[in-house]
Asker: 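One structure follows; several queries about it will come next.
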Amino acid sequence: GWLPAFSGRDLAAASGCRCFVALPDDAALAPRITAALDAQDRAGGDRRRTQEALPFFTALLLSQTMEAVTLLAAGRREFSPADLARHGGAPPGLVPYLDHARRFLARLDAATCCGGRYRLAENDLPPALELWRAALAEFPEHVSELALLGQIGQDLDDILHGRRDAASLLALRPGGIMENLFRDCPRHVSGHAAAAALFDALLREVPVGAALRVLEVEAGPGGLAQSLVPRLSPARGWFVLADRDEQFVEQLSARYAGLY
């Protein structure tokens with residue numbers, strides 16, 4: 001689906017604009033993008049807070065994986081991949097998920113492998129739900145990421161048994177968890193703010209009488225557009241949002257109706 005936020009030909013005629021200018025190429029833009037992101041990080045402290053949150057998130061994922069694998073292994077601390085399929089009922093098609101879970105446990109020293117058999121290490125990790133609540137209390141600004149991790153933890157047993165498709169859980173659709181993640185998580189918010197600052201700087205370089213044409217592909221819920229569209233008046237150019245999901249197109253159409 002395509003959402004033309006405004007018509008280029010009609011807008012150019014109405015605004016008296018006779019020419020459009022191109023943005024700098026990728027090589028010229030790259031250092032400016034990096035500088036804008038770094039400035040945003042220094043201003044908001046998002047990178048520092050994210051680094052502080054990572055151990056909580058890692059412990060949460062580890063606890064979720066341990067609980068799921070222990071359930072599949074019927075409580076046994078030592079097992080082979082075949083045991084997980086035989087005792088836990090995991091279908092053959094989900095072997096890649098199980099392999100990833102085992103490698104994740106081994107990488108964090110939560111399991112060892114010898115002769116094709118795995119052994120879970122003793123650990124004093126709190127239950128996943130307890131860790132999730134602690135992370136939410138300590139890092140409430142990461143609620144969108146924690147909502148996704150919580151849903152994954154809740155559905156992990158169904159995913160490993162083939163009763164739930166992981167792809168559907170991670171699908172970007174209106175009203176879904178991933179929409180909230182792309183709109184609200186600190187890294188995306190910080191990135192959108194940095195993009196807005198860079199966009200303002202580029203607009204200042206546009207000569208009088210010229211304008212920008214902007215196309216955003218896979219606009220999704222419109223988090224980036226929300227930061228950029230209000231900065232581009234009809235006299236300065238035009239903005240086109242594109243997405244394959246008709247629901248997102250309708251959502252964005254309604255949001256920007258009458259703005260230009």
Asker: Taking the side chain as every heavy atom from C-beta outward, state whether Glu246 and Val249 have any atom pair closer than 4.5 Å.
Answerer: yes
Asker: Test side chain to side chain contact (heavy atoms under 4.5 Å, CB included) on Leu120 and Leu105; report intermediate values, then the result.
Answerer: CA-CA 8 Å; Leu120 296 177; Leu105 293 175; 3.8 Å; yes
Asker: Quick one: pull up NE2 in His100 and CZ in Arg103 and give me the separation to the nearest 0.5 Å.
Answerer: 7.0 Å
Asker: Starting at CD of Glu179, measure out to CD of Gln247 and round the result to the nearest 0.5 Å.
Answerer: 10.0 Å
Asker: Which atom pairs, one a donor and one an acceptor, fall under 3.5 Å between side chains of residues 53-66 and the rest of the protein, sequence neighbours left out?
Answerer:
residue	atom	partner	partner atom	Å
Thr58	OG1	Leu54	O	2.9
Ser63	OG	Pro126	O	3.0
Ser63	OG	Ala128	N	3.1
Gln64	NE2	Leu149	O	2.9
Thr65	OG1	Leu61	O	2.8

Asker: Check Glu145 against His142 and note the closest heavy-atom contact, atom names and distance.
Answerer: OE2-ND1, 2.9 Å
Asker: Ignoring hydrogens, what is the shortest heavy-atom contact between Leu228 and Ala196? Give both atom names and the distance.
Answerer: CD2-CA, 3.7 Å
Asker: Where the side chain of Arg77 meets the backbone of Ala121, is there a donor-acceptor pair that is under 3.5 Å apart?
Answerer: yes
Asker: From Phe199 CZ over to Leu232 CG, what is the distance, rounded to the nearest 0.5 angstrom?
Answerer: 4.5 Å
Asker: Give me the atom names and distance for the closest heavy-atom approach of Pro127 to Glu67.
Answerer: CA-OE2, 3.5 Å
Asker: Could you give the distance from CE (Met178) to CD (Gln151), rounded to the nearest 0.5 Å?
Answerer: 12.5 Å
Asker: What are the two closest non-hydrogen atoms of Phe79 and Ala73, and how far apart are they?
Answerer: CD2-CB, 3.8 Å
Asker: Does the side chain of Glu52 come within less than 4.5 Å of Glu138's, by heavy atoms?
Answerer: no
Asker: Can you hop from Leu129 to Leu131 via hydrophobic side chains spaced under 4.5 Å?
Answerer: no
Asker: Among Arg213, Glu216, Arg231, which one satisfies side-chain contact (heavy atoms from CB on, under 4.5 Å) with Phe239?
Answerer: Glu216
Asker: Can you tell me how far the CG atom of Asn180 sits from the NE2 atom of His188, to the nearest 0.5 Å?
Answerer: 11.5 Å
Asker: Could you tell me which non-hydrogen atom of Asp243 sits nearest to which non-hydrogen atom of Ala219, and how far apart they are?
Answerer: OD2-N, 3.4 Å
Asker: With a 6.0 Å cut-off (strictly less than), is the heavy-atom count around CZ of Arg133, excluding the residue itself, greater than 12?
Answerer: no
Asker: Could you grab the distance from atom CG of Leu203 to atom CG of Leu198, nearest 0.5 Å is fine?
Answerer: 10.0 Å
Asker: Do Gln226 and His192 pass the side chain to side chain contact (heavy atoms under 4.5 Å, CB included) test, and can you show the C-alpha distance, the side-chain angles, and the key distance before you say yes or no?
Answerer: CA-CA 9 Å; Gln226 190 169 339; His192 295 162; over 6 Å; no
Asker: I need the minimum non-hydrogen distance between Ala147 and Ile177, along with the two atoms involved.
Answerer: O-CD1, 4.0 Å
Asker: Glu250: what forms a side chain to side chain donor-acceptor pair (under 3.5 Å) with it, not counting sequence neighbours?
Answerer: none
Asker: Less than 4.5 Å apart, any side-chain heavy atom of Val69 and any of Tyr118?
Answerer: no
